[in-house]
Amino acid sequence: MEEIKKSGLTLQEAQDLVDMSIQDVKNGFVATGYYLWMIREERLREEDGYNSFPEFLHCQYRRISPGLPGASACMKNLGSRLNSGSCRYWQPLTGITPSAS
């Protein structure tokens, strides 16, 4: 018979951890919906040049909706925003020299 490695948790402690994890998932689901709602309703996506909420979802989270451009359009959009300096998350790398292999 194979020996089972024990964690040191009791059944009640393990159940409490499961319950906490489930609650975290619920809270995360609600928070995600709320923040996406804010992005849509307050048009926060416009700060980074997205033309629509579906375009933002598609490019940022890879959610595919009917009629949306493909990945190449997202990359084109991203590339133009990076080149114009309008993407607030873009931080160019400085002081890095490629090493000779």
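When a residue number appears, it is its place in the shown sequence, counting from 1.
Considering every non-hydrogen atom in both Arg45 and Phe53, the closest pair reads NE-N, 3.2 Å.
Checking Glu55, Gln60, Arg43 one by one against Tyr50, the side-chain hydrogen bond (donor to acceptor under 3.5 Å, both in side chains) holds for a single residue, Gln60.
With values rounded to the nearest 0.5 angstrom, Thr32 atom OG1 is found 8.5 Å from Tyr61 atom OH. Remark: Gln15 CD to Leu17 CG distance equals 10.5 Å, nearest 0.5 Å. For the atom pair CZ of Phe56 and CD of Glu47, the computed distance is 10.0 Å after rounding to the nearest 0.5 Å. Taking CD of Glu13 as the reference point, atom OG of Ser7 lies at 8.0 Å (rounded to 0.5 Å). Taking CD1 of Ile22 as the reference point, atom CG of Asn27 lies at 12.0 Å (rounded to 0.5 Å).
In this structure, the side chain of Glu41 does not engage the main chain of Met38 through any donor-acceptor pair within 3.5 Å.
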From CA spacing to verdict: side-chain contact (heavy atoms from CB on, under 4.5 Å), Leu57, Leu36: CA-CA 9 Å; Leu57 287 177; Leu36 287 173; 3.9 Å; yes
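Linking Ile, Leu, Val, Met, Phe, Trp and Tyr whenever their side-chain heavy atoms come within less than 4.5 Å leaves Leu9 and Leu11 in two separate clusters. No single ILVMFWY cluster, assembled from side-chain heavy atoms under 4.5 Å apart, contains both Val25 and Tyr34.
Of the N and O atoms on the side chains of Gln23 and Asp19, not one donor lies less than 3.5 Å from an acceptor on the other residue.
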